[in-house]
Number of protein chains: 2
Amino acid sequence: MPKPTPRTRIQERNRSVILNAGLDVFSQFGFRGSTLDQIAESAGLSKPNLLYYFPSKEAIHVELLESLLETWLDPLHAMDPDGDPVEEILAYVHRKLEMAREFPRESRLFANEILQGAPRIMPDLTEGLKPLVDEKAAVIRDWSKSGKIKDIDPYHLIFSIWAMTQHYADFEVQVSTVLDGADPFEGASKYLDTLFRSLLTA
Amino acid sequence: MPKPTPRTRIQERNRSVILNAGLDVFSQFGFRGSTLDQIAESAGLSKPNLLYYFPSKEAIHVELLESLLETWLDPLHAMDPDGDPVEEILAYVHRKLEMAREFPRESRLFANEILQGAPRIMPDLTEGLKPLVDEKAAVIRDWSKSGKIKDIDPYHLIFSIWAMTQHYADFEVQVSTVLDGADPFEGASKYLDTLFRSLLTA
DNA sequence: CGTTTGTTTTACCGATTGGTAAAATCAAAC
DNA sequence: GTTTGATTTTACCAATCGGTAAAACAAACG
(Lines give C-alpha, C1' and ligand atoms only; values in the text may rest on other atoms or scores of the structure.)
Protein backbone atom coordinates (compact mmCIF):
# COMPACT_ATOMS: atom_id res chain seq x y z
CA MET A 1 0.00 0.00 0.00
CA PRO A 2 2.09 2.91 -1.26
CA LYS A 3 -0.68 5.49 -0.65
CA PRO A 4 -1.93 5.36 2.92
CA THR A 5 -5.33 6.91 3.35
CA PRO A 6 -5.10 10.55 4.40
CA ARG A 7 -5.51 10.84 8.15
CA THR A 8 -6.82 14.28 8.85
CA ARG A 9 -9.65 16.28 7.28
CA ILE A 10 -7.19 18.96 6.28
CA GLN A 11 -5.19 16.42 4.29
CA GLU A 12 -8.28 15.07 2.68
CA ARG A 13 -9.51 18.51 1.72
CA ASN A 14 -6.18 19.89 0.52
CA ARG A 15 -5.34 16.81 -1.50
CA SER A 16 -8.61 17.10 -3.36
CA VAL A 17 -8.16 20.85 -3.81
CA ILE A 18 -4.74 20.19 -5.32
CA LEU A 19 -6.01 17.42 -7.57
CA ASN A 20 -8.79 19.69 -8.77
CA ALA A 21 -6.34 22.49 -9.50
CA GLY A 22 -4.00 20.04 -11.19
CA LEU A 23 -6.84 18.84 -13.36
CA ASP A 24 -7.55 22.41 -14.42
CA VAL A 25 -3.97 23.06 -15.40
CA PHE A 26 -2.84 19.68 -16.77
CA SER A 27 -5.98 19.32 -18.90
CA GLN A 28 -5.24 22.60 -20.62
CA PHE A 29 -1.46 22.57 -21.00
CA GLY A 30 -0.45 18.93 -20.71
CA PHE A 31 2.16 17.65 -18.30
CA ARG A 32 5.20 19.45 -19.60
CA GLY A 33 3.34 22.67 -20.30
CA SER A 34 2.05 22.92 -16.74
CA THR A 35 3.97 24.34 -13.80
CA LEU A 36 3.73 23.76 -10.09
CA ASP A 37 3.33 27.50 -9.58
CA GLN A 38 0.25 27.49 -11.80
CA ILE A 39 -1.26 24.58 -9.90
CA ALA A 40 -0.35 26.12 -6.57
CA GLU A 41 -1.97 29.43 -7.45
CA SER A 42 -5.06 27.71 -8.80
CA ALA A 43 -5.28 25.73 -5.58
CA GLY A 44 -4.72 28.77 -3.39
CA LEU A 45 -1.66 27.23 -1.76
CA SER A 46 2.03 27.93 -1.77
CA LYS A 47 4.27 25.75 -3.92
CA PRO A 48 6.13 24.15 -0.99
CA ASN A 49 2.77 23.47 0.56
CA LEU A 50 1.75 21.54 -2.55
CA LEU A 51 4.83 19.42 -2.19
CA TYR A 52 3.90 18.68 1.39
CA TYR A 53 0.90 16.74 0.10
CA PHE A 54 2.39 15.32 -3.09
CA PRO A 55 5.99 14.26 -3.54
CA SER A 56 6.31 15.70 -7.03
CA LYS A 57 4.56 17.24 -10.02
CA GLU A 58 4.49 13.85 -11.68
CA ALA A 59 2.78 12.27 -8.66
CA ILE A 60 -0.17 14.64 -9.05
CA HIS A 61 -0.38 13.87 -12.74
CA VAL A 62 -0.20 10.13 -12.29
CA GLU A 63 -2.84 10.12 -9.57
CA LEU A 64 -5.17 12.10 -11.81
CA LEU A 65 -4.60 9.79 -14.76
CA GLU A 66 -5.08 6.59 -12.84
CA SER A 67 -8.29 7.59 -11.13
CA LEU A 68 -9.46 8.80 -14.55
CA LEU A 69 -9.07 5.62 -16.53
CA GLU A 70 -11.32 3.60 -14.23
CA THR A 71 -14.16 6.08 -14.58
CA TRP A 72 -13.48 6.35 -18.25
CA LEU A 73 -13.97 2.68 -18.94
CA ASP A 74 -17.02 2.22 -16.73
CA PRO A 75 -19.57 2.90 -19.49
CA LEU A 76 -17.94 0.35 -21.76
CA HIS A 77 -17.87 -2.15 -18.94
CA ALA A 78 -21.58 -1.64 -18.50
CA MET A 79 -22.35 -2.83 -22.04
CA ASP A 80 -24.40 -5.97 -21.47
CA PRO A 81 -23.95 -8.95 -23.85
CA ASP A 82 -27.43 -10.16 -22.93
CA GLY A 83 -29.19 -6.87 -23.58
CA ASP A 84 -30.70 -5.62 -26.80
CA PRO A 85 -27.73 -4.95 -29.10
CA VAL A 86 -28.89 -1.68 -30.64
CA GLU A 87 -30.04 -0.26 -27.33
CA GLU A 88 -26.88 -1.39 -25.54
CA ILE A 89 -24.67 0.33 -28.07
CA LEU A 90 -26.79 3.47 -28.12
CA ALA A 91 -26.83 3.54 -24.34
CA TYR A 92 -23.05 3.41 -24.44
CA VAL A 93 -23.00 6.34 -26.85
CA HIS A 94 -25.22 8.42 -24.61
CA ARG A 95 -23.34 7.54 -21.46
CA LYS A 96 -20.09 8.49 -23.13
CA LEU A 97 -21.53 11.77 -24.38
CA GLU A 98 -22.85 12.52 -20.93
CA MET A 99 -19.39 11.99 -19.51
CA ALA A 100 -17.92 14.38 -22.06
CA ARG A 101 -20.39 16.99 -20.89
CA GLU A 102 -19.92 16.36 -17.19
CA PHE A 103 -16.18 15.82 -17.19
CA PRO A 104 -14.65 17.79 -20.06
CA ARG A 105 -11.45 18.40 -18.11
CA GLU A 106 -10.93 14.70 -17.58
CA SER A 107 -11.46 14.14 -21.29
CA ARG A 108 -8.89 16.78 -22.17
CA LEU A 109 -6.42 15.43 -19.62
CA PHE A 110 -6.64 12.07 -21.32
CA ALA A 111 -6.40 13.61 -24.77
CA ASN A 112 -3.24 15.46 -23.76
CA GLU A 113 -1.68 12.30 -22.40
CA ILE A 114 -2.42 10.36 -25.59
CA LEU A 115 -1.25 13.21 -27.82
CA GLN A 116 2.09 13.16 -26.03
CA GLY A 117 2.48 9.46 -26.70
CA ALA A 118 0.90 8.13 -23.48
CA PRO A 119 4.24 8.11 -21.63
CA ARG A 120 2.65 7.68 -18.22
CA ILE A 121 -0.43 5.63 -19.00
CA MET A 122 0.72 3.18 -21.66
CA PRO A 123 0.82 0.19 -19.28
CA ASP A 124 -2.79 0.82 -18.26
CA LEU A 125 -3.70 1.00 -21.93
CA THR A 126 -2.30 -2.41 -22.78
CA GLU A 127 -3.30 -4.10 -19.55
CA GLY A 128 -6.63 -2.43 -18.84
CA LEU A 129 -8.11 -0.82 -21.89
CA LYS A 130 -7.10 -3.26 -24.61
CA PRO A 131 -8.45 -6.45 -22.99
CA LEU A 132 -11.73 -4.73 -22.24
CA VAL A 133 -12.05 -3.47 -25.80
CA ASP A 134 -11.21 -6.90 -27.14
CA GLU A 135 -13.88 -8.43 -24.94
CA LYS A 136 -16.57 -5.98 -25.97
CA ALA A 137 -15.53 -6.11 -29.61
CA ALA A 138 -16.10 -9.87 -29.47
CA VAL A 139 -19.57 -9.26 -28.08
CA ILE A 140 -20.39 -6.83 -30.88
CA ARG A 141 -18.99 -9.23 -33.45
CA ASP A 142 -21.31 -11.93 -32.14
CA TRP A 143 -24.23 -9.57 -32.47
CA SER A 144 -23.21 -8.99 -36.07
CA LYS A 145 -22.74 -12.69 -36.86
CA SER A 146 -26.13 -13.57 -35.43
CA GLY A 147 -27.77 -10.88 -37.52
CA LYS A 148 -28.93 -8.74 -34.63
CA ILE A 149 -27.09 -5.72 -36.00
CA LYS A 150 -25.54 -4.97 -39.36
CA ASP A 151 -22.11 -6.38 -40.15
CA ILE A 152 -19.59 -3.75 -39.11
CA ASP A 153 -16.09 -3.61 -37.71
CA PRO A 154 -16.54 -3.52 -33.92
CA TYR A 155 -13.20 -1.86 -33.25
CA HIS A 156 -13.85 1.03 -35.57
CA LEU A 157 -17.35 1.31 -34.16
CA ILE A 158 -15.87 1.79 -30.71
CA PHE A 159 -13.27 4.22 -32.03
CA SER A 160 -15.97 6.28 -33.69
CA ILE A 161 -17.98 6.46 -30.48
CA TRP A 162 -14.92 7.60 -28.57
CA ALA A 163 -13.94 10.10 -31.23
CA MET A 164 -17.30 11.78 -31.58
CA THR A 165 -18.26 11.99 -27.94
CA GLN A 166 -14.86 13.17 -26.74
CA HIS A 167 -14.71 15.65 -29.59
CA TYR A 168 -17.33 17.80 -27.89
CA ALA A 169 -15.15 18.05 -24.79
CA ASP A 170 -11.68 18.18 -26.35
CA PHE A 171 -12.53 20.59 -29.17
CA GLU A 172 -15.06 22.58 -27.19
CA VAL A 173 -13.50 25.90 -28.17
CA GLN A 174 -13.79 25.10 -31.85
CA VAL A 175 -17.28 23.63 -31.56
CA SER A 176 -18.71 26.57 -29.66
CA THR A 177 -16.99 29.00 -32.01
CA VAL A 178 -18.75 27.41 -34.96
CA LEU A 179 -22.09 26.97 -33.18
CA ASP A 180 -21.84 30.48 -31.78
CA GLY A 181 -23.56 30.06 -28.44
CA ALA A 182 -25.90 27.16 -28.99
CA ASP A 183 -25.54 24.21 -26.63
CA PRO A 184 -23.57 21.55 -28.51
CA PHE A 185 -24.67 18.58 -26.43
CA GLU A 186 -28.36 19.03 -27.10
CA GLY A 187 -27.94 18.61 -30.85
CA ALA A 188 -25.12 16.12 -30.49
CA SER A 189 -27.29 13.70 -28.56
CA LYS A 190 -29.97 13.62 -31.24
CA TYR A 191 -27.47 13.49 -34.08
CA LEU A 192 -25.44 10.64 -32.61
CA ASP A 193 -28.60 8.68 -31.91
CA THR A 194 -29.66 9.00 -35.53
CA LEU A 195 -26.18 8.27 -36.82
CA PHE A 196 -25.58 5.05 -34.95
CA ARG A 197 -29.16 3.84 -35.18
CA SER A 198 -29.06 4.06 -38.94
CA LEU A 199 -25.67 2.35 -39.02
CA LEU A 200 -26.77 -0.56 -36.87
CA THR A 201 -30.25 -1.19 -38.20
CA ALA A 202 -30.33 -0.11 -41.83
CA MET B 1 4.84 42.33 -46.10
CA PRO B 2 6.18 41.31 -42.73
CA LYS B 3 7.82 38.12 -44.02
CA PRO B 4 10.11 38.86 -46.94
CA THR B 5 10.83 35.83 -49.06
CA PRO B 6 14.04 34.09 -47.98
CA ARG B 7 16.88 35.15 -50.24
CA THR B 8 19.47 32.43 -50.15
CA ARG B 9 19.18 28.65 -50.53
CA ILE B 10 20.63 28.19 -47.07
CA GLN B 11 17.87 30.28 -45.58
CA GLU B 12 15.23 28.43 -47.52
CA ARG B 13 16.61 25.07 -46.45
CA ASN B 14 17.21 25.91 -42.80
CA ARG B 15 13.87 27.60 -42.35
CA SER B 16 12.11 24.48 -43.58
CA VAL B 17 14.34 22.25 -41.45
CA ILE B 18 13.40 24.33 -38.42
CA LEU B 19 9.70 24.29 -39.25
CA ASN B 20 9.83 20.54 -39.66
CA ALA B 21 11.57 20.12 -36.33
CA GLY B 22 9.14 22.54 -34.72
CA LEU B 23 6.26 20.51 -36.09
CA ASP B 24 7.72 17.38 -34.53
CA VAL B 25 8.06 18.96 -31.13
CA PHE B 26 5.05 21.25 -30.97
CA SER B 27 2.69 18.54 -32.21
CA GLN B 28 3.76 16.28 -29.39
CA PHE B 29 4.12 18.65 -26.45
CA GLY B 30 2.10 21.72 -27.38
CA PHE B 31 3.46 25.24 -27.34
CA ARG B 32 4.23 25.61 -23.66
CA GLY B 33 5.52 22.06 -23.30
CA SER B 34 8.06 22.50 -26.08
CA THR B 35 11.49 24.07 -25.71
CA LEU B 36 13.77 25.80 -28.17
CA ASP B 37 16.55 23.40 -27.19
CA GLN B 38 14.38 20.46 -28.21
CA ILE B 39 13.56 22.04 -31.54
CA ALA B 40 17.18 23.02 -32.09
CA GLU B 41 18.43 19.52 -31.40
CA SER B 42 15.77 17.99 -33.62
CA ALA B 43 16.77 20.40 -36.38
CA GLY B 44 20.48 19.75 -35.91
CA LEU B 45 21.20 23.40 -35.23
CA SER B 46 22.29 25.44 -32.23
CA LYS B 47 19.68 27.41 -30.35
CA PRO B 48 21.07 30.84 -31.27
CA ASN B 49 21.19 29.65 -34.84
CA LEU B 50 17.46 28.91 -34.69
CA LEU B 51 16.87 32.45 -33.52
CA TYR B 52 18.83 33.73 -36.47
CA TYR B 53 16.08 32.43 -38.73
CA PHE B 54 13.07 33.03 -36.50
CA PRO B 55 12.67 35.91 -34.08
CA SER B 56 11.12 33.79 -31.32
CA LYS B 57 9.67 30.46 -30.32
CA GLU B 58 6.21 31.86 -30.87
CA ALA B 59 7.05 32.94 -34.42
CA ILE B 60 7.81 29.33 -35.35
CA HIS B 61 4.58 28.17 -33.81
CA VAL B 62 2.46 30.83 -35.47
CA GLU B 63 3.98 30.18 -38.87
CA LEU B 64 3.23 26.48 -38.51
CA LEU B 65 -0.35 27.10 -37.44
CA GLU B 66 -1.16 29.58 -40.16
CA SER B 67 0.18 27.49 -42.99
CA LEU B 68 -1.71 24.58 -41.48
CA LEU B 69 -5.20 26.02 -41.40
CA GLU B 70 -5.26 26.73 -45.12
CA THR B 71 -4.38 23.15 -45.99
CA TRP B 72 -6.75 21.93 -43.36
CA LEU B 73 -9.79 23.62 -44.83
CA ASP B 74 -9.03 22.79 -48.45
CA PRO B 75 -11.03 19.54 -48.49
CA LEU B 76 -14.11 21.29 -47.10
CA HIS B 77 -13.68 24.05 -49.64
CA ALA B 78 -13.70 21.45 -52.37
CA MET B 79 -17.19 20.23 -51.48
CA ASP B 80 -19.23 21.07 -54.57
CA PRO B 81 -22.84 22.25 -54.13
CA ASP B 82 -23.60 21.08 -57.67
CA GLY B 83 -22.20 17.59 -57.25
CA ASP B 84 -24.00 14.49 -56.06
CA PRO B 85 -24.69 15.09 -52.34
CA VAL B 86 -23.83 11.65 -51.00
CA GLU B 87 -20.70 11.36 -53.10
CA GLU B 88 -19.58 14.88 -52.23
CA ILE B 89 -19.89 14.24 -48.52
CA LEU B 90 -18.22 10.85 -48.77
CA ALA B 91 -15.44 12.34 -50.86
CA TYR B 92 -14.92 14.88 -48.11
CA VAL B 93 -14.72 12.10 -45.53
CA HIS B 94 -12.11 10.23 -47.53
CA ARG B 95 -10.06 13.34 -48.26
CA LYS B 96 -10.07 14.21 -44.58
CA LEU B 97 -9.06 10.69 -43.61
CA GLU B 98 -6.30 10.76 -46.16
CA MET B 99 -4.98 13.97 -44.62
CA ALA B 100 -4.99 12.40 -41.18
CA ARG B 101 -2.85 9.59 -42.57
CA GLU B 102 -0.50 11.82 -44.52
CA PHE B 103 -0.20 14.65 -42.01
CA PRO B 104 -0.69 13.25 -38.51
CA ARG B 105 1.70 15.78 -37.01
CA GLU B 106 -0.28 18.67 -38.41
CA SER B 107 -3.45 17.14 -37.00
CA ARG B 108 -1.88 16.84 -33.58
CA LEU B 109 -0.49 20.36 -33.73
CA PHE B 110 -3.99 21.62 -34.36
CA ALA B 111 -5.44 19.42 -31.63
CA ASN B 112 -2.93 20.77 -29.13
CA GLU B 113 -3.74 24.34 -30.05
CA ILE B 114 -7.47 23.77 -29.62
CA LEU B 115 -7.01 21.86 -26.37
CA GLN B 116 -5.13 24.82 -24.96
CA GLY B 117 -7.99 27.13 -25.84
CA ALA B 118 -6.82 28.24 -29.30
CA PRO B 119 -4.90 31.22 -27.90
CA ARG B 120 -3.01 31.82 -31.11
CA ILE B 121 -5.47 30.74 -33.76
CA MET B 122 -8.82 31.94 -32.46
CA PRO B 123 -9.04 34.86 -34.93
CA ASP B 124 -8.52 32.49 -37.84
CA LEU B 125 -11.24 30.27 -36.42
CA THR B 126 -13.87 33.00 -36.33
CA GLU B 127 -12.82 34.71 -39.54
CA GLY B 128 -11.79 31.74 -41.64
CA LEU B 129 -13.21 28.48 -40.37
CA LYS B 130 -16.62 29.58 -39.13
CA PRO B 131 -17.80 31.34 -42.31
CA LEU B 132 -16.69 28.39 -44.40
CA VAL B 133 -18.50 25.93 -42.16
CA ASP B 134 -21.62 28.11 -42.22
CA GLU B 135 -21.51 28.18 -46.00
CA LYS B 136 -21.11 24.43 -46.38
CA ALA B 137 -23.66 23.72 -43.67
CA ALA B 138 -26.16 25.74 -45.69
CA VAL B 139 -25.36 23.64 -48.73
CA ILE B 140 -25.92 20.43 -46.78
CA ARG B 141 -29.14 21.80 -45.33
CA ASP B 142 -30.37 22.50 -48.87
CA TRP B 143 -29.56 18.93 -49.83
CA SER B 144 -31.62 17.78 -46.86
CA LYS B 145 -34.58 20.07 -47.61
CA SER B 146 -34.72 18.97 -51.22
CA GLY B 147 -34.73 15.33 -50.14
CA LYS B 148 -31.41 14.41 -51.72
CA ILE B 149 -30.08 13.18 -48.39
CA LYS B 150 -31.75 12.38 -45.11
CA ASP B 151 -32.65 15.21 -42.76
CA ILE B 152 -29.71 15.65 -40.42
CA ASP B 153 -27.99 18.49 -38.58
CA PRO B 154 -25.26 19.66 -40.96
CA TYR B 155 -23.06 21.13 -38.23
CA HIS B 156 -22.95 17.93 -36.24
CA LEU B 157 -22.37 16.01 -39.45
CA ILE B 158 -19.28 18.10 -40.09
CA PHE B 159 -18.15 17.77 -36.47
CA SER B 160 -18.49 14.01 -36.67
CA ILE B 161 -16.39 13.87 -39.82
CA TRP B 162 -13.70 15.96 -38.19
CA ALA B 163 -13.80 13.96 -34.99
CA MET B 164 -13.54 10.55 -36.54
CA THR B 165 -10.92 11.27 -39.17
CA GLN B 166 -8.66 13.26 -36.88
CA HIS B 167 -9.06 10.65 -34.17
CA TYR B 168 -6.87 8.28 -36.15
CA ALA B 169 -4.07 10.83 -36.15
CA ASP B 170 -4.49 12.41 -32.72
CA PHE B 171 -5.08 9.18 -30.81
CA GLU B 172 -2.78 7.07 -32.94
CA VAL B 173 -1.02 5.61 -29.89
CA GLN B 174 -4.27 4.42 -28.41
CA VAL B 175 -5.66 3.15 -31.70
CA SER B 176 -2.60 1.13 -32.59
CA THR B 177 -2.37 -0.23 -29.05
CA VAL B 178 -5.88 -1.60 -29.37
CA LEU B 179 -5.49 -2.81 -32.95
CA ASP B 180 -2.09 -4.27 -32.11
CA GLY B 181 -0.25 -3.79 -35.37
CA ALA B 182 -3.00 -3.74 -37.95
CA ASP B 183 -3.17 -0.68 -40.22
CA PRO B 184 -5.94 1.50 -38.80
CA PHE B 185 -6.59 3.49 -41.96
CA GLU B 186 -7.44 0.49 -44.10
CA GLY B 187 -10.37 -0.49 -41.91
CA ALA B 188 -11.27 3.08 -41.06
CA SER B 189 -11.84 3.94 -44.70
CA LYS B 190 -14.32 1.11 -45.18
CA TYR B 191 -16.03 1.71 -41.87
CA LEU B 192 -16.50 5.44 -42.37
CA ASP B 193 -17.83 4.85 -45.85
CA THR B 194 -20.45 2.46 -44.50
CA LEU B 195 -21.26 4.68 -41.55
CA PHE B 196 -21.92 7.87 -43.46
CA ARG B 197 -23.51 6.18 -46.44
CA SER B 198 -26.10 4.57 -44.20
CA LEU B 199 -26.68 7.85 -42.38
CA LEU B 200 -27.25 9.82 -45.56
CA THR B 201 -29.23 7.34 -47.64
CA ALA B 202 -31.16 5.13 -45.23
C1' DC C 1 43.83 39.97 -52.40
C1' DG C 2 40.33 42.66 -49.38
C1' DT C 3 35.76 43.68 -48.44
C1' DT C 4 31.15 42.82 -47.79
C1' DT C 5 27.46 40.04 -46.70
C1' DG C 6 25.56 35.95 -44.74
C1' DT C 7 26.01 32.33 -41.27
C1' DT C 8 27.42 29.97 -37.03
C1' DT C 9 29.46 29.60 -32.54
C1' DT C 10 30.77 30.96 -27.84
C1' DA C 11 29.62 33.05 -23.91
C1' DC C 12 26.36 34.85 -21.41
C1' DC C 13 21.84 36.93 -19.18
C1' DG C 14 17.68 37.37 -16.11
C1' DA C 15 13.58 34.74 -15.29
C1' DT C 16 11.39 30.60 -14.27
C1' DT C 17 11.56 25.71 -13.50
C1' DG C 18 10.90 21.61 -9.97
C1' DG C 19 12.25 20.84 -5.58
C1' DT C 20 14.47 21.26 -0.55
C1' DA C 21 15.73 22.86 4.38
C1' DA C 22 14.35 24.51 8.18
C1' DA C 23 12.18 27.65 10.87
C1' DA C 24 7.63 29.31 12.19
C1' DT C 25 2.90 28.48 13.11
C1' DC C 26 -1.09 25.98 14.09
C1' DA C 27 -4.13 22.33 16.16
C1' DA C 28 -5.33 18.89 19.07
C1' DA C 29 -4.50 15.66 22.84
C1' DC C 30 -2.93 15.24 27.28
C1' DG D 1 -1.40 24.98 29.20
C1' DT D 2 1.99 22.56 27.61
C1' DT D 3 3.57 19.28 24.61
C1' DT D 4 3.43 16.89 20.36
C1' DG D 5 2.61 16.40 15.81
C1' DA D 6 0.61 18.41 11.63
C1' DT D 7 0.80 22.28 8.66
C1' DT D 8 2.52 26.47 6.47
C1' DT D 9 5.88 29.93 5.35
C1' DT D 10 10.40 31.90 4.27
C1' DA D 11 14.46 31.45 2.13
C1' DC D 12 16.86 29.20 -0.93
C1' DC D 13 19.07 26.00 -4.77
C1' DA D 14 20.74 24.00 -9.19
C1' DA D 15 18.95 23.37 -13.67
C1' DT D 16 16.61 24.94 -17.47
C1' DC D 17 13.92 28.42 -19.81
C1' DG D 18 13.72 31.99 -23.94
C1' DG D 19 16.63 35.17 -25.73
C1' DT D 20 20.96 38.41 -26.71
C1' DA D 21 25.83 40.22 -27.84
C1' DA D 22 29.46 39.82 -30.19
C1' DA D 23 33.08 37.50 -32.05
C1' DA D 24 34.38 33.90 -35.43
C1' DC D 25 33.71 31.82 -39.64
C1' DA D 26 32.19 31.25 -44.58
C1' DA D 27 31.16 32.77 -49.14
C1' DA D 28 30.65 35.72 -52.81
C1' DC D 29 32.51 39.47 -55.46
C1' DG D 30 35.28 43.33 -56.89
Side-chain angles (χ1 to χ4, degrees), chain A residues 2-65 109 112-113 116 119-120, chain B residues 2-65 109 112-113 116 119-120:
Chain A
K3 288 275 171 199
T5 314
R7 275 140 209 158
T8 75
R9 281 79 190 244
I10 293 181
Q11 275 187 30
E12 201 171 335
R13 200 205 59 198
N14 279 350
R15 279 181 58 91
S16 87
V17 164
I18 292 168
L19 287 173
N20 185 62
L23 182 55
D24 266 343
V25 177
F26 283 136
S27 66
Q28 190 173 359
F29 300 110
F31 179 73
R32 295 192 31 174
S34 303
T35 72
L36 283 177
D37 296 88
Q38 270 181 295
I39 299 172
E41 191 194 337
S42 172
L45 298 173
S46 69
K47 183 169 61 173
N49 205 6
L50 272 199
L51 295 163
Y52 174 72
Y53 292 100
F54 289 89
S56 68
K57 174 185 172 185
E58 188 165 0
I60 305 175
H61 193 239
V62 167
E63 187 144 330
L64 282 170
L65 278 179
L109 178 76
N112 257 308
E113 170 71 5
Q116 302 189 7
R120 265 166 275 274
Chain B
K3 288 273 173 202
T5 314
R7 273 137 211 161
T8 74
R9 281 76 188 246
I10 294 180
Q11 275 189 28
E12 201 170 335
R13 199 205 60 198
N14 278 350
R15 279 182 57 94
S16 86
V17 165
I18 291 169
L19 287 173
N20 184 62
L23 183 56
D24 267 343
V25 178
F26 283 135
S27 67
Q28 190 174 357
F29 300 109
F31 179 72
R32 294 192 32 173
S34 304
T35 71
L36 284 175
D37 296 87
Q38 269 181 296
I39 299 172
E41 191 193 338
S42 172
L45 299 173
S46 68
K47 183 169 60 173
N49 205 7
L50 274 199
L51 295 163
Y52 174 73
Y53 292 102
F54 289 89
S56 68
K57 175 186 172 183
E58 187 165 1
I60 304 174
H61 193 240
V62 167
E63 186 144 331
L64 282 170
L65 277 179
L109 179 75
N112 258 308
E113 171 70 6
Q116 302 190 6
R120 266 167 275 275

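Every chain is numbered from 1, with letters handed out A, B, ... down the list of sequences. All figures in this text were calculated on a predicted structure; none of them were measured in a lab.
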* Asked: Can you name the salt bridge (charged side-chain N to carboxylate O under 4.0 Å, His left out) partners of A:Arg120, sequence neighbours left out?
  -> A:Glu58
From [atom1] of [X] over to [atom2] of [N], roughly how many Å is that when rounded to an integer?
{"X": "A:Ile60", "N": "C:dT17", "atom1": "CD1", "atom2": "C1'", "value": "14 Å"}
{"X": "B:Leu50", "N": "D:dT20", "atom1": "CG", "atom2": "P", "value": "13 Å"}
{"X": "B:His61", "N": "D:dG18", "atom1": "NE2", "atom2": "P", "value": "13 Å"}
{"X": "B:Gln11", "N": "C:dG6", "atom1": "CD", "atom2": "P", "value": "8 Å"}
{"X": "B:Phe54", "N": "C:dT7", "atom1": "CZ", "atom2": "P", "value": "13 Å"}
{"X": "B:Leu45", "N": "C:dT9", "atom1": "CG", "atom2": "C1'", "value": "12 Å"}

Heavy-atom pair with the smallest gap, counting every atom of [X] and [Y]:
{"X": "B:Leu64", "Y": "B:Gly22", "result": "CD1-C, 3.7 Å"}
{"X": "B:Ser34", "Y": "B:Phe29", "result": "OG-CB, 3.6 Å"}
{"X": "B:Ala43", "Y": "B:Ile18", "result": "CB-CA, 4.4 Å"}
{"X": "B:Ser27", "Y": "B:Leu23", "result": "OG-O, 2.6 Å"}

* **A:Asn49: side chain to side chain contact (heavy atoms under 4.5 Å, CB included) partners, not counting sequence neighbours** => A:Leu45, A:Ser46, A:Tyr52, A:Tyr53
* Distance-only donor-acceptor test (3.5 Å): side chain A:Lys47, base C:dG18 -> yes
* Asked: Testing B:Asn112, B:Ile39, B:Leu19 for side chain to side chain contact (heavy atoms under 4.5 Å, CB included) with B:Phe26, which one passes?
  -> B:Ile39
For [N], does OP1 or OP2 lie under 4.0 Å from any side-chain N or O of [X]?
{"X": "B:Tyr52", "N": "C:dT7", "answer": "yes"}
{"X": "B:Asn49", "N": "C:dT10", "answer": "no"}
{"X": "A:Ser46", "N": "D:dT9", "answer": "yes"}
{"X": "A:Tyr53", "N": "D:dT8", "answer": "yes"}

* **Chi angles and distances behind the side-chain contact (heavy atoms from CB on, under 4.5 Å) call for B:Leu109, B:His61** => CA-CA 9 Å; B:Leu109 179 75; B:His61 193 240; 4.0 Å; yes
* Using the C1' atoms of the five pairs at each end, what is the angle between the end axes of the helix from C:dC1-D:dG30 to C:dC30-D:dG1, to 10°? -> 10°
* Closest to side chain of A:Leu51, choosing from C:dT8, D:dT7, C:dG19 -> C:dG19
* Structure fact -> What residues 25-44 of chain B contributes to the DNA chain D interface at heavy-atom separation below 4.0 Å is B:Ser34, B:Thr35, B:Leu36, B:Asp37
* **From A:Asp24 atom CG to A:Gln38 atom CD, the distance as rounded to the nearest 0.5 Å** => 10.5 Å
* Could you tell me the separation between the CG atom of B:Leu36 and the OG atom of B:Ser56, rounded to the nearest 0.5 Å? => 8.5 Å
* Which sits closer to the 5' end of DNA chain D, A:Arg13 or B:Ser56, going by the nucleotide each is nearest to? -> A:Arg13
* Asked: Counting any heavy atom closer than 4.0 Å, what does B:Ile10 reach on the DNA or RNA strands: base, sugar-phosphate only, or nothing?
  -> sugar-phosphate
* Is A:Phe31 close to A:Glu113 at the side-chain level, that is, under 4.5 Å between some pair of heavy atoms? -> no
* Structure fact -> Counting primed atoms, P, OP1 and OP2 as sugar-phosphate and everything else as base, the B/S/- map of nucleotides 21-26 of chain D against protein heavy atoms under 4.0 Å is ------
* Asked: Is there any salt bridge (charged side-chain N to carboxylate O under 4.0 Å, His left out) pair reaching into residues 29-54 of chain A, and which pairs are they, with sequence neighbours excluded?
  -> A:Asp37-A:Lys47
